[in-house]
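Here is the structure we will look at, set down as structure tokens.
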Amino acid sequence: MASFVGLSASQSQFLYRFSLPISSPAFISSSVHLKKQAPVRRLLVLPIKCSSSGPSQDTESEAETTSVPSSSSFSSSLASSNSTYNWRAGIGAVGIIETAYLTYLKLSGSDAFCPLGGGSCGDVLNSDYAFFFGVPLPLLGLIAYGFVTTLSLQLSAKNLPFGINETTGRLLLLGSSTSMATASAYFLYILSTKFAGTSCSYCLASALLSFSLFFISLKDVGLQEVQKVVGLQVCIASLVFATLSTSYSNLPSAPSSQANIDLPYFTTEITKESSPFALSLARHLHSIGAKMYGAFWCSHCLEQKEMFGREAAKLLDCIECFPDGYKTGTKMIKACADANLEGFPTWVINGQVLSGEMELEKLAEVSGFQFNE
């Protein structure tokens, strides 16, 4: 518009300068005509101003339109990050509940409730593999899940301690979840090799939680960042594996013959006849409530019954601890478990516990029996 106005002014000056010597009606008429047209030109400028302002407004509108998706994309990315942090915090909280329960059982000496696997679950949790250099594994798991949960909540709230930025926090979560997933993979290997045929629902649940945390952290960090620290992750996994192997290297391995025991219940006939002393002692032991705890496959239990003989053995209160047979992971019945047995056979006479085979004279002495021929 400015160039158009400037050009019009110069044209007017040009006409005026070269028309001065001419004084004719035509010039006057032309001057009048110019004066009359001047307002028209000013009117024509107005549309030009309107049209020139149009592109500027369109540009601003386009800029605003472009900025809206950018802001929306940032908000979506922020919401996605918070969502992964919340997921990790939730999974970590479940892990805290599980490991806190198992830690309490370890410290109190109680048996775990095993929804799947039955007695085999308790055998795994009470084995030597449930300790790491003397420290209960559930306690270490409680610390690990607590760290992941706390850091995830702090990342979600954008309130990290010690001046840690968000990128460092994500890498810390990836490193901790890598170590947890490696440990879970190692223990799954132990479960399948050292405890073949057994099941541990708590072990499987912990492995599922650890692997979930690892894959969420892997996705959250992104492929490009993972490629930068893949060497560090491999070092962490190798260190965890080597440390666990060192901790369990001195543990005795279960013989392969005992790995898959499945022994059905059977009875053994006693061939020896009972003496009068054995019969009288058996009646006395029965009258005072003495009990002998044993197992159908126990050779020492059979020898103890042979001492009494066929007739007297039938008078004894013998409690079979595995009435449904025995296989790897099978637990004793509650009566035997409550008696805190150290071996078979075990006698409980007047509150006194006697382990192993006992001579008939020893049983008579402990029970206060006096034989009168």
Side-chain angles (χ1 to χ4, degrees), residues 74 76-96 98-99 103 129-193 202-251:
F74 175 76
S76 176
S77 176
L78 182 62
S80 177
S81 298
N82 288 336
S83 177
T84 57
Y85 297 148
N86 293 333
W87 268 105
R88 272 177 290 203
I91 294 174
V94 176
I96 289 175
E98 178 195 12
T99 52
T103 301
Y129 289 95
F131 294 88
F132 178 73
F133 288 112
V135 180
L137 276 179
L139 180 59
L140 297 177
L142 179 62
I143 296 173
Y145 282 118
F147 173 77
V148 170
T149 303
T150 302
L151 185 56
S152 297
L153 291 175
Q154 289 177 332
L155 280 169
S156 178
K158 308 300 180 185
N159 183 25
L160 292 170
F162 311 115
I164 299 175
N165 56 30
E166 186 172 1
T167 301
T168 305
R170 289 181 177 182
L171 293 178
L172 285 174
L173 283 176
L174 179 60
S176 58
S177 61
T178 299
S179 61
M180 295 169 68
T182 304
S184 295
Y186 182 87
F187 289 121
L188 288 179
Y189 165 76
I190 293 296
L191 184 64
S192 62
T193 56
Y202 295 102
C203 306
L204 298 177
S206 182
L208 177 62
L209 295 175
S210 299
F211 286 128
S212 299
L213 289 173
F214 171 70
F215 286 118
I216 292 176
S217 299
L218 200 64
K219 180 180 180 299
D220 188 36
V221 171
L223 181 60
Q224 294 182 349
E225 290 295 329
V226 170
Q227 289 176 345
K228 296 179 182 179
V229 296
V230 63
L232 179 60
Q233 299 303 110
V234 172
C235 290
I236 292 175
S238 302
L239 180 62
V240 171
F241 184 84
T243 306
L244 291 173
S245 299
T246 303
S247 175
Y248 300 125
S249 60
N250 296 326
L251 292 182

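Residues: numbered from 1 along the sequence shown.
Distance alone, capped at 3.5 Å, is enough to place a donor-acceptor pair between the Thr246 side chain and the Ala242 backbone. Although no hydrogens or angles enter the test, the distance criterion places no donor-acceptor pair under 3.5 Å between the side chain of Thr149 and the main chain of Gly146.
Contact check for Leu153 versus Asn159: no side-chain heavy atoms found under the 4.5 Å cut-off. In this structure, Thr168 and Leu160 have side chains that are not in contact, with every pair of non-hydrogen atoms separated by 4.5 Å or more. Between Leu244 and Ile190, the closest side-chain pair of non-hydrogen atoms is not below 4.5 Å. For the pair Leu155/Leu173, a side-chain contact is recorded, criterion being any heavy-atom separation below 4.5 Å from C-beta on. Inter-residue side-chain proximity for Val221 and Leu171 is flagged as met; some heavy-atom pair is nearer than 4.5 Å. The shortest distance between side-chain heavy atoms of Val148 and Met180 falls below 4.5 Å.
Note that CZ of Arg88 and OG of Ser217 are 4.0 Å apart. Values are rounded to the nearest 0.5 Å. With rounding to the nearest 0.5 angstrom, the OG atom of Ser177 is 12.5 Å from the CG atom of Leu209. For the atom pair OG (Ser176) and CG (Leu151), the distance works out to 7.0 Å, reported to the nearest 0.5 Å. How far CZ of Phe131 is from CG of Leu139: 10.5 Å, rounded to the nearest 0.5 Å. From Ser192, atom OG reaches atom CZ of Phe187 across 13.0 Å, with rounding to the nearest 0.5 Å. Thr103 OG1 to Glu98 CD: the interatomic distance, rounded to the nearest 0.5 Å, is 9.5 Å.
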Could you check Asp220 against Trp87 for side-chain contact (heavy atoms from CB on, under 4.5 Å), going step by step and ending with a plain yes or no?
-> CA-CA 11 Å; Asp220 188 36; Trp87 268 105; over 6 Å; no
Take Leu174 and Glu225 through the test side-chain contact (heavy atoms from CB on, under 4.5 Å) and record every step on the way to the result.
-> CA-CA 11 Å; Leu174 179 60; Glu225 290 295 329; over 6 Å; no
Please report the C-alpha distance between Gln233 and Ile236 in whole Å, then the side-chain angles of each, then the deciding distance to 0.1 Å, and finally whether the side-chain contact (heavy atoms from CB on, under 4.5 Å) criterion is met.
-> CA-CA 5 Å; Gln233 299 303 110; Ile236 292 175; 4.0 Å; yes
Full working for side-chain contact (heavy atoms from CB on, under 4.5 Å) between Ser210 and Tyr145 = CA-CA 9 Å; Ser210 299; Tyr145 282 118; 3.4 Å; yes
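Ser238 is linked by a side chain to side chain donor-acceptor pair (under 3.5 Å) to nothing, counting only residues two or more places apart in sequence or in another chain. For the side chain to side chain donor-acceptor pair (under 3.5 Å) test, no residue two or more places apart in sequence or in another chain qualifies with Thr99. Partners of Thr150 according to the side-chain contact (heavy atoms from CB on, under 4.5 Å) rule, which considers only residues two or more places apart in sequence or in another chain, are Gln154. By the ring pair (Phe, Tyr, Trp, His ring centres under 6.0 Å) test, Tyr186 is found to be paired with Phe241, residues two or more places apart in sequence or in another chain being considered. In this view, Thr243 satisfies the side chain to side chain donor-acceptor pair (under 3.5 Å) rule with no residue, not counting sequence neighbours. With sequence neighbours left out, Ser212 forms a side chain to side chain donor-acceptor pair (under 3.5 Å) with no residue at all.
When all heavy atoms of Ser247 and Phe133 are compared, the pair lying nearest together is OG-N, 3.4 Å. Minimum interatomic distance between Phe214 and Ala181 (heavy atoms only, all atoms of both residues): CB-CB, 4.0 Å. Shortest non-hydrogen contact noted between Pro138 and Ala130 is CD-O, 4.1 Å. Residues Ser156 and Asn86 share a closest heavy-atom pair of OG-OD1, 3.3 Å.
For an aromatic pair to be called close, the ring centres must be under 6.0 Å apart, and Tyr248 with Tyr129 satisfies this.
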